[in-house]
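Input: a single structure, listed below in structure tokens.
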Amino acid sequence: MNDHDLTEALAFETQSIRAGSFRSDQREHSEAIYLSSSFVYDSAAQAQAVFAGDEPGNVYSRYTNPSVQMLEERMAVLEGSGVDGEITACATASGMAAILGTCMSLLKSGDHVICSRNVFGTTFTIFAKYFEKFGVKTTFVDLVDYQQWREAMTPETRLLFLETPSNPLSDVADLELLAVIAHSNDALLMVDNCFCTPALQRPLSFGADLVVHSATKYIDGQGRCLGGMVVGRKKLVDEVHLWQRAAGATMSPFNAWVFYKGLETLPVRMDAHCRNASELASWLSQHQAVERVHYSGLKSHPGHELAKKQQKGFGGVLAFEVKGGRESAWTVIDSVQIMSRTANLGDTRTTITHPATTTHCRLSDEDKMKSGITESLVRIAVGLENIEDLKSDLEKGLKQLL
Ligand SMILES: Cc1ncc(COP(=O)(O)O)c(C=O)c1O
């Protein structure tokens, strides 16, 4: 059987290695990278047929590229298995290009968006500052206050947007309920699934219409490339593809190759991220210098039961509050020698950051307070190093707080 023909019947681990892959005439085992901006034809008539869409083939890499298509096919299978209807994917230059492209292609002036307040800072800026300029208004609501979502609905509401679990506090939103709220108004539910990836959560199977990713995170898994993905029903994603062709926020073939190679180890990596994060969260929750741990894998977390139902694992990101405010948080961050002091996540290497002064620094003090971003909060995206080494690395700073 050709890898290309593999069906939905296969298990996730097999799909993540085999789906979407195809070989050139050279019969390479590991997929080739198609680094070519344009493509050639045997005749003028063939060029005409390919340009017209009457014959399969590529025209130009801003439109389609074989490496990018392999990734799109693989992601469509991973996010869309078991979901009714034809699911397709569109790769973009970054996670932000995925969000921007989806909104630009599906919304118009006069439309209204409801967005969780607890989203990535640049996502907040896109909705609050840029869409507003083009006549698309956004109301921000608390992720898990469903009454706020219902009350924000207007006849013009066309899109509900959220991340679950949230960054950095791991709040978990009920996707089935939000899909019902969106569809009662003929609006679309769009979910940023980059913290879970399809290895842990498939929003389309809970009724979401569109999934977006920053592939830059766990899909790459080793912090090398920027990229984004949009996945959903063909009719919607076709519109995003058309926007991409015009706007040019295209993923490079090299990055696409890195991402679909990254997907091959995604289930194994996500399992290991979850295991390490669970262990670190339990250890931190017993530590005398720590006031509170935010991780949905802990029974004490308000989203624990929902996360158990909706996710296959609790993810690799946790946050904790230390006693003593910013100075204490910075002491812990400045003391680590293994963890990387950086705001990116989804890497094999553990990263540590102070959300109030990095990832969430542009929020007003009021918005920080509403989103639970305190000065004593530290976020860790737990990598795949040995867990005892990670505990010792944190212990150096934590013991100075006692
Ligand atoms: C949850 C989330 N969504 C989207 C993005 C944007 O992705 P990118 O940096 O690939 O544009 C990020 C980036 O950090 C993110 O954390």
Side-chain angles (χ1 to χ4, degrees), residues 1-35 64-83 86-92 95 98 193-205 211-232 234 237 251-277 311-313 315-316 345-349 383-384:
M1 180 162 42
N2 188 327
D3 290 348
H4 195 53
D5 298 330
L6 289 169
T7 66
E8 291 202 342
L10 295 169
F12 188 88
E13 293 81 357
T14 315
Q15 290 171 337
S16 67
I17 294 171
R18 296 289 180 172
S21 166
F22 62 80
R23 290 188 188 102
S24 75
D25 293 346
Q26 300 301 316
R27 305 204 55 73
E28 66 279 356
H29 185 213
S30 179
E31 295 85 348
I33 312 177
Y34 290 84
L35 278 176
T64 59
N65 172 280
S67 298
V68 176
Q69 281 176 321
M70 282 192 234
L71 173 67
E72 290 173 338
E73 243 179 82
R74 189 167 283 180
M75 275 302 287
V77 169
L78 296 182
E79 284 287 4
S81 262
V83 178
E86 191 179 347
I87 301 298
T88 55
C90 176
T92 58
N193 197 27
C194 99
F195 273 54
C196 273
T197 81
L200 303 183
Q201 170 175 272
R202 290 168 161 179
L204 299 177
S205 69
V211 168
V212 285
H213 279 281
S214 167
T216 317
K217 308 295 184 299
Y218 290 104
I219 292 175
D220 176 340
Q222 293 182 52
R224 296 161 291 191
C225 291
L226 285 185
M229 300 295 307
V230 183
V231 194
K234 184 171 178 328
V237 177
M251 180 183 286
S252 89
F254 178 80
N255 287 14
W257 179 82
V258 169
F259 294 134
Y260 70 71
K261 285 304 190 190
L263 283 175
E264 295 187 3
T265 55
L266 182 73
V268 181
R269 284 188 285 111
M270 291 313 288
D271 263 1
H273 281 294
C274 291
R275 253 196 325 276
N276 264 2
Q311 300 170 203
K312 244 185 91 189
L345 59 95
D347 205 293
T348 51
R349 298 164 196 230
L384 306 185

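Summarising the geometry of Ser214 relative to Cys194, their closest heavy-atom pair is N-CB, 3.6 Å, with the distance given to 0.1 Å. The shortest non-hydrogen separation linking Met75 to Ala89 is CB-CB, 4.3 Å. Nearest heavy atom pair, residue Ala256 against residue Val68, reads CB-CA, 3.7 Å. Of all the heavy atoms in Ser67 and Ala32, the pair that sits closest is OG-O, 3.8 Å.
Here Arg74 pairs with Glu31, Glu264 under the salt bridge (charged side-chain N to carboxylate O under 4.0 Å, His left out) rule; sequence neighbours left out. The salt bridge (charged side-chain N to carboxylate O under 4.0 Å, His left out) search around Asp220 returns Arg224, not counting sequence neighbours. The side chain to side chain donor-acceptor pair (under 3.5 Å) check on Thr92 picks up nothing, with sequence neighbours excluded. Residues satisfying the side chain to side chain contact (heavy atoms under 4.5 Å, CB included) test with Leu226, not counting sequence neighbours, are Thr216. Taking the side chain to side chain contact (heavy atoms under 4.5 Å, CB included) definition, one finds that Pro267 meets it with Phe12, Glu13, Ser16, sequence neighbours left out. Listed by chain and number, the residues in a ring pair (Phe, Tyr, Trp, His ring centres under 6.0 Å) with His213 amount to none (sequence neighbours excluded). Take Thr265 and apply the side chain to side chain donor-acceptor pair (under 3.5 Å) test, not counting sequence neighbours, and it matches Arg269. Taking Tyr218 as the reference, His273 meet the ring pair (Phe, Tyr, Trp, His ring centres under 6.0 Å) condition, with sequence neighbours excluded. Asn193 is linked by a side chain to side chain donor-acceptor pair (under 3.5 Å) to Glu79, Gln201, counting only residues two or more places apart in sequence or in another chain. The salt bridge (charged side-chain N to carboxylate O under 4.0 Å, His left out) check on Glu86 picks up nothing, with sequence neighbours excluded. Scanning for side chain to side chain donor-acceptor pair (under 3.5 Å) contacts around Glu28 gives Ser24, with sequence neighbours left out.
Here CG of Asn65 is found 8.5 Å from OG of Ser252. Values are rounded to the nearest 0.5 Å. Atom-to-atom distance recorded for Cys90:SG and Met251:CE is 9.0 Å, nearest 0.5 angstrom. To the nearest 0.5 Å, atom CG of residue Asp347 and atom CG of residue Leu384 are 8.5 Å apart. Between Ser30 atom OG and Trp257 atom CH2 the span is 6.0 Å, to the nearest 0.5 Å. The distance from atom CG of Leu71 to atom CD1 of Ile219, rounded to the nearest 0.5 Å, is 7.5 Å. Distance CG/Leu263 to CG/Leu78: 6.0 Å, rounded to 0.5 Å.
The side-chain heavy atoms of Pro66 and Phe22, taken from C-beta on, include a pair separated by under 4.5 Å. Looking at heavy atoms from C-beta onward, Phe195 lies out of side-chain contact with Lys217 at the 4.5 angstrom threshold.
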Worksheet item: Stepwise, does the side-chain contact (heavy atoms from CB on, under 4.5 Å) test hold for Met229 with Val211?
Response: CA-CA 8 Å; Met229 300 295 307; Val211 168; over 6 Å; no
Worksheet entry | Candidate pair Ile87 and Lys234, rule side-chain contact (heavy atoms from CB on, under 4.5 Å), full reasoning | CA-CA 5 Å; Ile87 301 298; Lys234 184 171 178 328; over 6 Å; no
Practice prompt. Determine, stepwise, if the pair Gln15 / Ser81 fulfils side-chain hydrogen bond (donor to acceptor under 3.5 Å, both in side chains).
Written response: CA-CA 10 Å; Gln15 290 171 337; Ser81 262; 2.9 Å; yes
Worksheet item: side-chain contact (heavy atoms from CB on, under 4.5 Å) between Cys274 and Lys312: does it pass, once the steps are laid out?
Response: CA-CA 10 Å; Cys274 291; Lys312 244 185 91 189; over 6 Å; no
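Side-chain atoms of Asn255 do not come within 3.5 Å of backbone N or O of Cys225 as any donor-acceptor pair. Judged purely by atom type and a 3.5 angstrom limit, Ser205 has no side-chain atom pairing as donor or acceptor with the backbone of Val83.
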